[in-house]
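Before I ask anything, let me first share the structure, which is written out below as structure tokens.
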Amino acid sequence: MNISSDKLAPPLIFGYFALLFGGLWLVDWSQFTWFSGLITFYAALFLADFISGLVHLFIDYQPLNYAKGYGELYDYKGKRNSDDFNTKKNRVFSRSTVFDREVYFFKIHHRNAGPCVNRPYRDFFYMTCVPATVFILISIALSVFEAPIPGSAYLAFALLVFSIGVLHTDHIHAWVHGSKTMPWGVSIARRVQKLKLMYSMKTHIRHHQEGESGFCFIIGHANFLVDAICRVLLRMGMIEKRHWLGQR
Ligand SMILES: [Zn+2]
Ligand SMILES: [Zn+2]
């Protein structure tokens, strides 16, 4: 991350949360009871968990872009902090797409989760802030224009919860790994895990080892659905284990 993106992060993060709280303030709360608000909150969080789990499954099972040299990076035998590796990495990254890089990062993460614990809040924020902001803007539009849709206040609230869930998928995952840059998040995750309200470390380790379960990184409650989808797709040959393993 360069200096200009460092400077850009605080106003962008502030802008996102200002929009989020503005959206919450605009929701027509007179339509809600505590119970219906709680159900909406949980349903939106579950949906964010499910959708982000599906996206994770999709990216995990994409083959590496071997034509661009990702195979060489993935199977590099020497030290990964050497000048030789960094030169190769910069060359491969500079001539490939963001998607190619993400496919590589997802696979490397299964082998070594180390780098994710050192990444700051803003790095993960940049990855999902665009779609997350779009969901907030739709929510605000629903509230401001009093959309003639039945239950639009519920939809407006659900979109805000969905947005904050999607935005923090990778942050929560880093907390589970014991993020060094967000110790406050680690302590939240440990407490919620202790209460058995989110996926356990055991579930997450199984994902790292086998890659056939545990794709949902927010609360993990939708894992049973995404796990089943993964099994069916593997059985039908629509996705292949060798791609998860980074083999040709
Ligand atoms: Zn994965
Ligand atoms: Zn992990």
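Just so we're clear, the structure is a prediction, and the values are computed from it rather than from any experiment. Counting starts at 1 for both ligands and their atoms, in listed order.
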Legend entry - Ser179 versus Tyr121, side-chain donor and acceptor atoms under 3.5 Å: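 Side-chain D/A pair, Tyr121 to Ser179: absent.
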
Inset, instruction - Using the six-membered ring of Tyr61, assess whether NZ or CZ of Arg242 lies under 6.0 Å from its centre and within 45 degrees of the ring axis. - result: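 Because its charged atom misses either the 6.0 Å distance or the 45° angle limit, Arg242 does not stack over Tyr61.
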
Legend entry - Pair Tyr154, Ser36: side-chain N/O donor-acceptor within cut-off below 3.5 Å: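 Result is yes, a qualifying pair exists.
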
Legend entry - Aromatic ring proximity, centroids under 6.0 angstrom, His177 and His109: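 Centroid separation for His109 and His177: below 6.0 Å.
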
Inset, instruction - With the Zn ion (ligand 2) as the centre, enumerate protein N/O/S atoms below 2.8 Å in chain and residue order. - result: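 Counting only protein N, O or S atoms under 2.8 Å from the Zn ion (ligand 2), the list reads His109 NE2, His173 NE2, His177 NE2, His204 NE2, His208 NE2.
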
Inset, instruction - Give the intermediate values and the outcome of side chain to side chain contact (heavy atoms under 4.5 Å, CB included) for residues Ser52 and Phe217. - result: CA-CA 8 Å; Ser52 63; Phe217 280 0; 5.7 Å; no

Legend entry - Ion pair Lys107/Asp100, N-O distance below 4.0 Å: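 Not counted as a salt bridge, because no side-chain N and carboxylate O are separated by less than 4.0 Å.
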
Inset, instruction - Kindly give the atom name of the N, O or S atom of Asp60 closest to the Zn ion (ligand 1). - result: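 It is OD2 of Asp60.
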
